[in-house]
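Notes for the one structure printed next.
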There are 2 protein chains.
Amino acid sequence: MSVDRRKLIIEAASKSFSLFGYKATTMEQVAKLANVGKGTIYTFFTNKEELFEEILQELIKHVQRIAQETILARDSFHDNMHRFLYTVLEFRREHDLMIRMTNEITEMGTPAAKEGIRKVESAVLALLSMKIKEAIERGDLRPCDPERTAFAMFRMYLAFVLEWEVTHPPLEKEEIANLFDLYFVEGLAAR
Amino acid sequence: MSVDRRKLIIEAASKSFSLFGYKATTMEQVAKLANVGKGTIYTFFTNKEELFEEILQELIKHVQRIAQETILARDSFHDNMHRFLYTVLEFRREHDLMIRMTNEITEMGTPAAKEGIRKVESAVLALLSMKIKEAIERGDLRPCDPERTAFAMFRMYLAFVLEWEVTHPPLEKEEIANLFDLYFVEGLAAR
DNA sequence: TAGCTGACCGTTTTAACCATTTGGTCACAA
DNA sequence: TTGTGACCAAATGGTTAAAACGGTCAGCTA
């Protein structure tokens, strides 16, 4: 084997998807970037969508690994959850392909990009859901539906990190952590 | 005075905005529907935007009145808040003009419709914020920033009512109330 | 003559057109 | 056997003439 053409293609496509988005990335461009003939791409991937899917799966694994690493046994549930959610959203905010997909959704309505974001979020939610389930079994959290709880936590975080600053001055990382703690962990009921 | 032309115009425009949306509503169409000349509209409203604004203000007053009525002194904070939020979102789900604006945002990106939704939500948030402030003063809630709390509550409700059912079976009104209570009022911390 | 109107104006949007580019194939070269 | 780029139908982008639009105003009518 001289060179791993599959890997070359994935690297080229990944770069192009991040740089120009799904729609603006052409198979010819990918072929040129990877120094392979266009036909070669189709020996590894049935079509453009599947090539994108492959890169998406890598992205998901990446964010999952990063998120996993934030969970530290010695820390409290609150600290762990906050770090977890913040890491995921920082990843979303900083990773080129994520940024590009978000832009592509708002500017055009590219279904592939929409599905991409949805899949990443769904993977994160599954992981978060698992962590919540463990916390319940450990006795750190009250019994509750892990899936719904993960959904609620993630949406609230998303709202504070991405939507709040549309109409208000952005919140500090610390402030978001405190709000998360107050609303979700402690509860608002007067004691 | 024979007929209140201003009122005729507002009724016709309201119908058309609800039926076809902001962009697809033409001033000529409104004039025909109202049985007035096109020029007459411009004796009451400086332009299309102001005509829309007027109808939006009526919509905001309407949702505010309806939401206000859900607050009953004899009921608990939890019951009141839930009824409040649910009423607002039911209004959003059922009112023709709200539905049409939401569609217009997702299908095209009409700025007027986007601003419209934003204004209604902002008015609701202000009202909710006030109610939370009262609850804190009354001692029903812990001290917290009313604006941020209103934002968090509303976003979470929106997420459960509108977004959850994109990927899951929809939640019953009762279930949402319970989740709201568990996450927001009681808190998830093990006791 | 005050209130109302629809023909009219400059601008924007739509639609029809064609040239180019695209994702995907396959006969052939290495 | 593995890899390729010329090739194809389909999709897209650019262009431009025609239609439709928001907004105005001279003149009509009650």
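Proteins get letters first, then strands, A, B, ... in listed order; numbering begins at 1 in each.
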Original post:
Listed by chain and number, what are the salt bridge (Lys or Arg N to Asp or Glu O under 4.0 Å) partners of Glu163(B), not counting sequence neighbours?
Top reply: Arg155(A)

**OP:** Could you go through the side chain to side chain donor-acceptor pair (under 3.5 Å) check for Thr110(A) and Glu104(A) one step at a time?
**Re:** CA-CA 6 Å; Thr110(A) 324; Glu104(A) 215 166 327; 3.2 Å; yes

Subject >> Atom-to-atom span, CG of Leu8(A) to P of dG3(D) - whole angstrom >> reply: 11 Å

**OP:** Take Glu115(A) and Arg118(A) through the salt bridge (charged side-chain N to carboxylate O under 4.0 Å, His left out) test and state the conclusion after the steps.
**Re:** CA-CA 5 Å; Glu115(A) 257 301 290; Arg118(A) 222 219 73 242; 2.7 Å; yes

Subject >> Residues forming a ring-ring contact (aromatic ring centres under 6.0 Å, His included) with Phe91(B), sequence neighbours excluded >> reply: His62(B), His95(B)

**OP:** Could you check Lys23(A) against Asn35(A) and say which one's nearest nucleotide on DNA chain D is further toward the 5' end?
**Re:** Asn35(A)

**OP:** Round to a whole Å and report the spacing from CZ of Phe44(A) to C1' of dT4(D).
**Re:** 13 Å

Subject >> Neighbour count >12 (heavy atoms, 6.0 Å) for atom CD, Glu90(B) >> reply: yes

**OP:** Report the distance from atom NZ of Lys32(B) to atom P of dG6(C), rounded to the nearest whole Å.
**Re:** 10 Å

Original post:
Is the NZ or CZ atom of Lys23(B) both under 6.0 Å from the centre of the six-membered ring of Phe17(B) and within 45° of that ring's axis?
Top reply: no

Subject >> Arg5(B) vs dG3(C): side-chain N/O to OP1/OP2 distance below 4.0 Å >> reply: no

Original post:
When you measure from every atom of DNA chain D, which of residues 100-114 of chain B have a heavy atom less than 4.0 Å away?
Top reply: none

Original post:
Please give, in whole Å, the distance from dG3(D) C1' to Arg6(A) CZ?
Top reply: 16 Å

Quick test: give all pairs of protein nitrogen or oxygen and nucleotides 23-30 of chain D nitrogen or oxygen below 3.5 Å, distance rounded to 0.1 Å.
from, atom 1, to, atom 2, distance (Å)
dG23(D), OP2, Tyr42(B), OH, 3.1
dG23(D), OP2, Lys48(B), N, 2.8
dG23(D), N7, Lys38(B), NZ, 3.0
dG23(D), O6, Lys38(B), NZ, 2.3

**OP:** Could you tell me the separation between the CD atom of Glu50(A) and the P atom of dG23(C), rounded to a whole number of Å?
**Re:** 15 Å

**OP:** Return the set of residues passing ring-ring contact (aromatic ring centres under 6.0 Å, His included) with Phe154(B) (not counting sequence neighbours), or none when no residue passes.
**Re:** none

**OP:** Mind calculating the distance between CD (Gln29(A)) and P (dT20(C)) to the nearest angstrom?
**Re:** 20 Å

**OP:** Grab the two heavy atoms, one from Leu19(B) and one from Arg100(B), that are nearest each other, plus how far apart they are.
**Re:** O-NH2, 2.8 Å

Solution key, residues 37-45 of chain B side-chain donor-acceptor pairs under 3.5 Å, sequence neighbours excluded:
from, atom 1, to, atom 2, distance (Å)
Thr40(B), OG1, Gly37(B), O, 3.3
Thr43(B), OG1, Thr40(B), O, 2.5

Original post:
Rounding to a whole Å, what distance do you find between Phe45(A):CZ and dG23(C):C1'?
Top reply: 16 Å

Original post:
Between atom CZ in Phe20(A) and atom C1' in dT22(C), what is the gap in whole Å?
Top reply: 16 Å

